[in-house]
Amino acid sequence: CVLCGRTDDCPEKYGEKRTYVEYNLTVHYYCLLMSSGIWQRGEEDEGVDGFLITDIRKEVKRAAKLKCNICKKKGASIGCVAPKCKRSYHFPCGIQRECIFQFMEDFRSYCWEHRPVQEFMDKEPRGASQCTICLDLVEHLPVYAVLKSPCCKNAWFHRECLQYQALSAGIFFFRCTVCNNKDKFQKEMLRMGIHIPERDASWELEENAYQDLLHCYQHCDVKRCLCKKGRDYNEPDSKWEIQRCQYCGSRGTHLACSSLKSWEQNWECMECRSIFAKSGKYSKRKKRALAASENSNGTPCLLEEPPPKSPRQSSGSPRSFLLQSPKIMCQNLSPCSRLEQPASNRVTVSPSPVMSNWNWSLRHKYLRQQRKEVCNILKELKVQVQTKTTRLNINAENIWSSALKGFRQRIFSPTNTIEVNFSNCKNRSKTNTSSASKHHFFQVLMLHLQNSSLFEGSFGKNLSLDFQALKENLYFEVGKMIAVSLVHGGPPPGFFSKTLFKCLVYGPENVKPALEDVADVDVAQTIKTIKCADSLSSLQSTLQDCCEFLTAAGCLRPVTALCDKNMLVNDILIYHVIKRITLPLESFRQGLKTLGVLEKMQTHPNVFSSIFCYKPERLSAENVYNLFTIHPSSDVNKVEGADFWMDYLQDVESGDSVVTLEDILFFVTGSSYIPAIGFDPEPTIKFLHIRYPIGNRLLNCLELPRTKTYQQFKKKMEFSIRNTLRVERE
């Protein structure tokens, strides 16, 4: 490693060891992450996870002048952030000497003398208890190798056990093993130097990790199998379809071999039947099921509820509750959303097997509610849009230039209905292209703006200073494009920093920027150096080194005390993040006033921050299901196969389909995302006597065929969607 000089390859301790032959460079990821003089200036796919190669070489040269206080060798790139502490060390040496590295915020490091410690109450019992991860004893001592839970009084862990657990679980599943607390537990563990990677759990990332669970038993176990093609032969929707035991699922029979009329008729294997017979419950269950089936349709077949993992559900299946939710518009009920009903009248929806694994946080629920309010506000603004149309001719190979030309043409009006024609695009649908082309145009346009030179920063972006763009009035045009996109059915931006959003809403004079708002690595390093100055002489020396920069920023001032550095840092931040871009910001605000969007943002700031500062929520089976309304012409209780719709969405989400949720949405609406304003008209579903599904993009209506089996439904859905999208691409 060019930073620590060690050849060890231990990802758990030092992070992934990466070698770049073309740059003649090898580095441990943690050594790079914790180095004091380097910042992520690039995108995630540039250099080493955003650390540019040139910056890494500069850091190596800087560290070459510093001696490690532990091993006494050169190349100590990490320094203790405690005031007046000048200790430097390599990352592996720091681990060995029990230093603490905080993998959060600005990635601070503390030496063995100044490291944070956990508070121990005098009344806390000393002794030992079991570590709930490795199950070995851990002593209740205030030492580096032992950590206690901040949420449970009697929960103690080995530091090493916690670190391995965090690396395996990731940020979404790492929590207290005793009380399951996540937020408080993670905050304390990060403070004490536990690295929690921002990725999914290792068991979720492993390919085919749950493949065995998807195995479906396919064998006829009756004494006399009648199938000439053998006991393993299975032909769906025929008398040679294999039916599994409704209790254990580990035994099977051909329908014909057990005289079963259809797969809806339940079957029990001999082992399960003997167990129930011994308990005396089998005859009672059989009579009760028989009575229920006779009451429902007069036939003597057993219609007991099949197991949850069965791929098909009978007409009395648990999933029928989904078709009785308030989202459905019945002829006797007025259309109303679930939120409009009082709590006592709401239908409680039990999570399906797929949805039960979704661990939505309170933030997701809050954002989802806020986005619903944004949708209603934008619909109020859309009243201004007239039926008169304006056509934008967009060159697919140069969307930005053609979009700018279209928005600047004299006949363009934000209040006109926008139609988009891709003049140089072969992937255009020949039917109903207006909605699909418009949705695609706004999606690509937002992506271009996010990555353009008018914004800077890695994640939450601020406005940059581009004199040429200012001269061409591009900031105004970009603001207008975002406003028009929101009202005309485009996607939410989702890439604004909170500082930029507050400047737009509250005014720049009322906003206090932070260090993470500074995208320029040199400026950020200067600010950090001033902020970390531990004496008046070092502060004055730093100011002398950057005198030219401070003069240009108008922040140069006489410094007589060490405490003056705080005011100086604040002045630099305000200049670099706000004052420097005053003209671009004002021009951008004027553009956002189009159609009254900025005024609504200022009236409802908390609501609009959900679409400006947070990425849109990923499509899920639940989202897509709730998006569609069952048309009142479809009597759900009489439609065979109506409950297959949710089954199919869950199969698509879990990857058991050749199409995606985005494909389904595009098939019906012409859009692969949910616009911030929602769809107009709202998507509906009809169940008709037709051969194949039809996506009516003019009405946003999905017309589904009535089928008797789930396999028929799924086969027809995939055939129609896949071929329709293939034809459009061609």
Side-chain angles (χ1 to χ4, degrees), residues 105-106 367 370-371 373-374 377-378 381 446 449-487 490-521 523-524 527 552-555 566-615 676:
E105 297 174 352
D106 50 357
L367 289 176
Q370 298 288 56
R371 285 165 182 158
E373 296 183 30
V374 170
I377 296 171
L378 292 177
L381 296 178
M446 284 300 110
L449 295 181
Q450 180 178 351
N451 298 318
S452 70
S453 61
L454 302 181
F455 295 91
E456 62 182 13
S458 299
F459 302 106
K461 293 180 178 286
N462 291 299
L463 289 176
S464 63
L465 181 59
D466 189 324
F467 290 106
Q468 186 63 29
L470 194 60
K471 184 179 179 180
E472 297 177 7
N473 202 26
L474 294 185
Y475 291 98
F476 171 81
E477 297 296 344
V478 169
K480 182 169 73 171
M481 288 176 182
I482 293 175
V484 170
S485 172
L486 288 174
V487 178
F495 61 85
F496 283 31
S497 71
K498 293 184 179 179
T499 299
L500 174 57
F501 182 78
K502 289 177 181 178
C503 286
L504 296 170
V505 172
Y506 303 115
E509 65 278 1
N510 299 316
V511 179
K512 186 177 180 181
L515 182 60
E516 52 265 24
D517 292 315
V518 180
D520 191 312
V521 64
V523 176
I527 296 173
C555 301
N566 297 326
M567 190 176 298
L568 183 60
V569 167
N570 189 51
D571 288 347
I572 299 174
L573 286 173
I574 291 175
Y575 163 75
H576 188 79
V577 179
I578 297 178
K579 288 185 178 180
R580 188 174 60 97
I581 59 158
T582 300
L583 292 178
L585 181 64
E586 183 56 35
S587 180
F588 188 61
R589 291 183 69 181
Q590 292 300 321
L592 276 175
K593 287 182 179 180
T594 305
L595 295 172
V597 171
L598 181 61
E599 183 181 351
K600 291 295 184 182
M601 289 170 59
Q602 293 170 335
T603 308
H604 309 278
N606 293 333
V607 172
F608 273 88
S609 67
S610 65
I611 65 169
F612 277 90
C613 301
Y614 297 92
K615 290 184 178 180

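- Remark: L568 CG to I527 CD1 distance equals 9.0 Å, nearest 0.5 Å.
- In this structure the side chain of R589 reaches within 4.5 angstrom of the side chain of P508, judged on heavy atoms.
- Note that CG of D517 and NZ of K461 are 13.0 Å apart. Values are rounded to the nearest 0.5 Å.
- Looking at S485, its side chain never comes within 3.5 Å of a backbone N or O of I482 through a donor-acceptor pair.
- At distances below 3.5 Å, not a single donor-acceptor pair connects side-chain atoms of R371 with backbone N or O atoms of I611.
- Taking the side chain as every heavy atom from C-beta outward, K502 and N510 never approach each other to under 4.5 Å.
- Among all heavy-atom pairs drawn from E456 and S464, the shortest one is OE1-CB, 3.7 Å.
- In plain terms, the two heavy atoms of N606 and Q370 that are nearest each other are O-NE2, 3.4 Å.
- Using a distance-only test at 3.5 Å, with no hydrogens or angles considered, a donor-acceptor pair links the side chain of Y475 to the main chain of D466.
- Between V518 and H576, the closest heavy-atom pair is CG1-CD2, 3.8 Å.
- Atom-to-atom distance recorded for E477:CD and L449:CG is 11.5 Å, nearest 0.5 angstrom.
- Annotation: side chain of T603 is not in contact with side chain of I377 (no heavy-atom distance under 4.5 Å).
- Side chains of Q590 and E586 form a contact here, defined as non-hydrogen atoms less than 4.5 Å apart.
- Among all heavy-atom pairs drawn from L367 and S610, the shortest one is CD2-CB, 3.7 Å.
- Between F612 and P492, every side-chain heavy-atom pair lies at or beyond the 4.5 Å cut-off.
- For the atom pair L463 CG and L504 CG, the distance stands at 7.0 Å (nearest 0.5 Å).
- Side-chain contact between D571 and M567 is present, with heavy atoms from C-beta onward closer than 4.5 Å.
- With values rounded to the nearest 0.5 angstrom, L465 atom CG is found 11.0 Å from L454 atom CG.
- Distance alone, capped at 3.5 Å, is enough to place a donor-acceptor pair between the S587 side chain and the F476 backbone.
- The two atoms that bring Q602 and V505 nearest to each other are CG-O, 3.5 Å, heavy atoms only.
- G457 and A519 get closest at one heavy-atom pair: N-CB, 3.9 Å.
- Taking the six-membered ring where the residue is Trp, F588 and F455 present perpendicular rings, their angle passing 60° and hence far from 30°.
- Residue F495 holds its CZ atom at 10.5 Å from SG of C613, rounded to the nearest 0.5 Å.
- Using modelled atom types, no side-chain atom of T499 and backbone atom of P513 make a donor-acceptor pair closer than 3.5 Å.
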